[in-house]
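Structure first, then comments.
Labels below follow one simple rule: chain letters A, B, ... track the order of the sequence lines, proteins then strands, and each chain is numbered from 1.
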Amino acid sequence: MATEAQGEEAGGLVFHPMDQFIVEPFFGDGAVSWYTITNATVWMALAVLAVFVLLVLGTSKRAVIPSRMQSVAEMAYGFIYKMVEDICGKEGVKYFPYIMTLFMFIVFANFLGLLPMAFTPTAHISVTAVMAFAVFFGVTILGFVKNGGSFLRLFWVSSAPLALRPVLALIELISYFVRPVSHSIRLAGNMMAGHAVIKVFAGFAAIAAIAPVSVLAITAMYGLEVLVSFIQAYVFAILTCVYLKDALHPHH
Amino acid sequence: MATEPIDMEMAGTCINEFGSAIGMPQLCGEWFGNQIFWLVVALVAIYFILSRIALPRIGAVLAERQGTITNDIAAAEDLKVKATEAEAQYDKALIDARAEAQRIIEAAKADIQADLDKAIAKADAEIAAKSAESEKAIAEIREGALKNVEDVAKDTAQAIVAALGGSADAKTVSAAVDARMKG
Amino acid sequence: MEGELAQMGQFIGAGLTAFGMGGAAIGVGNVAGNYLAGALRNPSAAAGQTATLFIGIAFAEALGIFSFLVALLLMFAV
């Protein structure tokens, strides 16, 4: 690909849709080792800061009649709390802080990633995979701790005819292990796809004749991406709840 | 900023010498460790911020608001009950007042009736007395009148007899007139 | 020559994965349309099923994203 990129640059039409995902040291140059402060670090830190500002500084007055920011914070709290309670039941409320953590981090990383020149940590499979596998292992261990061996009955669909059950068990087992993969790739893929498509349209803007179309397309995609940013964070949280429910109540 | 040329030494397995990505940056193994480390740091930071400060606080605020709302609703319920009671009292007072008024009207009517009856009786008595008196006067007058008629008839008869050339004594004429008048 | 042929195959394959997008579009449309039909029949039950709607959309859409991923892998990683 490197040689092709050079060839294209000579032609004037430059597509580097993936360059926005490059991780590089934030201060100076050099190799990226595990402790280096990179652009990924900075944007994650900004997401943490945004969470802090919204949920801690926004609610610092503890007003009974909330200010605008406090009311947003309360809305986020109520939204996730209700979701956890609806899906996992009363026992799931204990795990509400974990799901809230994931949701707040993803939603702010997604929204901050939409700023021009920003870096989107959630577009990286390594980032989403860590979260998805954390959910997967956490839920599996929790399921065995809570239910013991009877957690395995999750795969034994007792409502199906007896002859079908082994086949269904195999399918259920495969789908169970595919969960973290689809869980992580859904988020990373959505974010990556949106950002890459916007970059491709931006590349077309170099041709004067189709630049207006390109700008319109970028605007439309941006609107869609705002929606997708929220929906994917919501979906990530809701799927975490669904998996958690399976661990708490493994019987179909 | 990724597109500006960087040093040749910088070009690793993930970035070419122009600073562009080779393949998908997401699949570049060099960067995994860094991202995972900082992700874990970020998540732990958010978790502590949320579980230590933010969530208890928001939960407390929501509970407090719920309490306030419940209290307010209870107070409103109380006031409503009081209002209903007051309305019942008012209604009762109104009914009482109406009954009182009715009673007063009845009493007044009875008084008036009594007064009226008395006045009528008095008037009747007066009228009766007056009419008796009048009847008496009329009887007297009638009597007087009859006597006068008799006298006039006697005188007239005597005069007519005299005029006719007859001579009659007063006794005979009067007896004749009396007889006529009785007949 | 051989490299160009492989590259051509890459691009053709990447283009073919765009069909996956159509499949995801049909799937998402199906989910949302059926949700709307059901919601119009019984609006009182609709609010409780929005979570299910989003889960369904996420599952349908994820497969479209997988096809996009295959395209990206063909273009940039192979």
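The residue among A:A40, A:A129, A:G58, A:P97 with the most heavy atom pairs within less than 4.5 Å of chain B is A:P97. Residue with the most contacts toward chain B among A:I37, A:L55, A:T41, A:L102: A:T41 (heavy-atom pairs, distance under 4.5 Å).
For residues 52-88 of chain B, a heavy-atom distance under 4.5 Å to chain A picks out B:I53, B:A54, B:L55, B:R57, B:I58, B:G59, B:V61, B:L62, B:E64, B:R65, B:T68, given by residue number. Listed in order of number, the residues of residues 127-144 of chain B that approach chain A to under 4.5 Å between heavy atoms amount to none. Residues of residues 61-70 of chain A lying under 4.5 angstrom from chain B, judged on non-hydrogen atoms, are A:R62, A:A63, A:V64, A:P66, A:Q70 in numerical order.
In this structure, B:W31 CH2 and A:F21 CZ are separated by 11.5 Å, a value rounded to the nearest 0.5 Å. B:N34 contributes atom CG, which lies 4.0 Å from atom OG1 of A:T38 (distance to the nearest 0.5 angstrom). The distance from atom OG1 of A:T122 to atom CD of A:Q232, rounded to the nearest 0.5 Å, is 10.0 Å.
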* To do: Decide side chain to side chain contact (heavy atoms under 4.5 Å, CB included) for A:V107 and A:Y234; before the verdict, give the C-alpha distance in whole Å, the side-chain angles of both, and the deciding distance to 0.1 Å.
  => CA-CA 8 Å; A:V107 87; A:Y234 174 58; over 6 Å; no

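Using a 4.5 Å heavy-atom cutoff, the side chains of A:P25 and A:V32 are in contact. Inter-residue side-chain proximity for B:D178 and B:S174 is flagged as met; some heavy-atom pair is nearer than 4.5 Å. Looking at heavy atoms from C-beta onward, A:N110 lies in side-chain contact with A:L187 at the 4.5 angstrom threshold.
Residue contact with chain A, scored on non-hydrogen atoms closer than 4.5 Å, involves the side chain of B:F37 exclusively. Both the backbone and the side chain of A:A73 have a heavy atom closer than 4.5 Å to some heavy atom of chain B. Only the side chain of A:F119 comes within contact range of chain B, with heavy atoms under 4.5 Å apart. Only the side chain of A:Y77 comes within less than 4.5 Å of a heavy atom in chain B; its backbone stays farther off. Only the side chain of B:L50 has a heavy atom closer than 4.5 Å to any heavy atom of chain A. Heavy atoms of A:T59 lying under 4.5 Å from chain B belong to its backbone as well as its side chain. A:V56 touches chain B through backbone and side chain together, each having a heavy atom under 4.5 Å away.
Between B:Y47 and A:Y98, the ring centre distance stays below 6.0 Å.
Within the 3.5 Å criterion, the main-chain N or O of A:T128 finds no donor-acceptor partner in the side chain of A:S184. The backbone N or O of A:I22 sits less than 3.5 Å from a side-chain atom of A:N39, completing a donor-acceptor pair. B:W38 places a side-chain N or O within donor-acceptor distance of the main-chain N or O of A:T36, the cut-off being under 3.5 Å. No side-chain donor-acceptor contact under 3.5 Å links A:H183 to the backbone of A:F136.
Of the candidates A:V48, A:T101, A:V130, A:T101 is the only one forming a side chain to side chain contact (heavy atoms under 4.5 Å, CB included) with B:L43.
In the model, B:Q35 has a side-chain atom that pairs as donor or acceptor with a side-chain atom of A:H124 under 3.5 Å.
Other residues, nucleotides and ligands contribute over 12 non-hydrogen atoms within 6.0 Å of the CZ atom of A:F111. More than 12 heavy atoms of other residues, nucleotides or ligands shown are found within 6.0 angstrom of CZ on A:F79.
Applying the salt bridge (Lys or Arg N to Asp or Glu O under 4.0 Å) test to A:K94 and every residue at least two apart in sequence or in another chain returns nothing.
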